[in-house]
Number of protein chains: 2
Amino acid sequence: MTEGLLKSQLAKKHLKLTRQREIILDAFLKNDHITAEDLYSQISNGNIHLGLATIYRTLNLLCELGIGQQRHFGDSKVLYDNVLNKKHHDHLICIQCGKITEFECPDIEKIQEEMAERNCFVLERHRLELYGHCKDTEKCHAS
Amino acid sequence: MTEGLLKSQLAKKHLKLTRQREIILDAFLKNDHITAEDLYSQISNGNIHLGLATIYRTLNLLCELGIGQQRHFGDSKVLYDNVLNKKHHDHLICIQCGKITEFECPDIEKIQEEMAERNCFVLERHRLELYGHCKDTEKCHAS
DNA sequence: TTTGTTGCAAAAATTTTGCATTGTT
DNA sequence: AACAATGCAAAATTTTTGCAACAAA
């Protein structure tokens with residue numbers, strides 16, 4: 001299913017389906033947000049060796065195909081967000097444990113449209129990140 | 001006035017007021033958002049030479065003092081946002097001309113609080129960026 | 001067989017750090 | 001005099017690129 005997807009997406013651009021691309025897509029889709037380096041480690045742990053450059057190239061390719069999206073979240077490293085079969089969403093990031101939760105909020109998006117218009121601006125896309133403390137684990141319950 | 005501010009802020013931390021720090025603060029406050037590299041160029045153009053490392057160190061210091069804040073905006077370079085005497089604000093970024101406009105929106109912030117709560121999350125801060133096309137100049141009016 | 005892809009190492013790009021020297025308090 | 005800051009060059013970090021060998025169409 002995903003293999004088929006990848007293949008057809010690649011075919012459109014006259015690109016080739018390689019074993020490496022299959023491996024990377026598979027690993028990528030098992031995560032919600034991951035860095036190139038971490039994906040590299042995950043794949044290495046499965047005793048498959050791929051060059052880090054290939055990971056970067058493929059991750060960027062997945063973004064072009066609309067399967068991934070780059071995010072920052074204040075870190076120096078880029079996180080690749082798996083957006084396959086997902087609607088647009090924003091993120092809650094726990095400052096303490098690093099947990100990332102996705103959410104949607106049509107109400108906010110509506111107001112954003114208004115804000116854009118008020119500023120003579122045609123909105124294309126947005127990025128909203130909420131940082132705070134999650135109450136999920138003991139170490140994360142808010143003070 | 002700003003000199004006094006800088007001096008007193010530094011004194012609190014047993015840090016010293018140097019000519020370089022004055023120059024950098026002055027230049028920084030003339031901008032709303034700027035990269036370290038660009039600030040370096042601006043200062044160089046005034047025929048003053050400072051090391052780039054000093055710019056970085058001082059910009060980071062200004063962030064610790066609450067005068068600046070780091071931002072990403074999707075670029076690889078960090079933008080330093082001048083927040084002296086400003087309330088919290090978010091940003092509209094023009095994809096075409098790069099223009100950055102600041103805005104506030106209490107309505108959105110209210111909903112953010114609700115979203116955080118609904119997700120068992122204590123909100124600390126947020127980051128909202130709207131990307132699109134501004135209608136200000138000919139080259140930027142939306143299609 | 002043609003063209004795209006990989007792996008590696010080297011390069012790029014951005015930011016930080018070590019250290020001797022200099023400047024502030 | 002004591003301590004912090006600067007400048008420079010070197011290092012660190014993250015990502016991209018060139019190119020020869022290889023694999024897919």
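Reminder, nothing fancy here: chain letters follow the sequence lines and each chain counts from 1.
Residues A:H133 and A:Q96 bring a donor and an acceptor atom of their side chains to less than 3.5 Å of each other. There is a side-chain donor-acceptor pair under 3.5 Å between B:Q70 and B:N60. For the residue pair A:Q69 / A:N82, no side-chain donor-acceptor distance below 3.5 Å is found, with atom types taken as modelled.
The side chain to side chain donor-acceptor pair (under 3.5 Å) analysis of residues 110-121 of chain A, with sequence neighbours excluded, yields the pairs A:Q112-A:H126.
Regarding A:R19, its CZ atom lies at a distance of 15 Å from the C1' atom of D:dC22, rounded to whole Å. For A:K16 and D:dC22, the NZ to P distance is 16 Å, given to the nearest whole Å. Between A:Y40 atom OH and D:dT15 atom C1' there is a gap of 14 Å when expressed in whole angstrom units. Atom CD in A:E37 sits roughly 13 Å away from atom P in D:dT16 (whole-Å rounding). For A:L15 and D:dA24, the CG to P distance is 15 Å, given to the nearest whole Å.
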Under the criterion side-chain contact (heavy atoms from CB on, under 4.5 Å), I'd like the reasoning laid out for A:R21 against A:T54: C-alpha separation, chi angles, the key distance, then a yes or no. CA-CA 9 Å; A:R21 284 176 177 169; A:T54 301; over 6 Å; no
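Along DNA chain C, the nucleotide closest to A:R21 and the one closest to B:K77 are compared, and the more 5′ of them pairs with A:R21.
Using cut-offs of 30° and 60° for the angle between ring planes, the B:H72 and A:H72 rings count as parallel.
Using a 4.0 Å cutoff to heavy atoms of chain A, the contacted part of DNA chain C runs 5' to 3' from C:dT3 to C:dC8.
Regarding contacts with the backbone of D:dT6, a side-chain N or O of B:T18 is found under 4.0 angstrom from either OP1 or OP2.
Near DNA chain D, meaning a heavy atom under 4.0 Å from it, residues 49-67 of chain A has A:A53, A:Y56, A:R57, A:N60 in order of number.
Under a 4.0 Å N-O distance rule, the pair A:D90/B:R127 does not qualify as a salt bridge. A salt bridge is absent between A:R71 and A:E129; no separation between the charged side-chain nitrogens and carboxylate oxygens falls under 4.0 Å.
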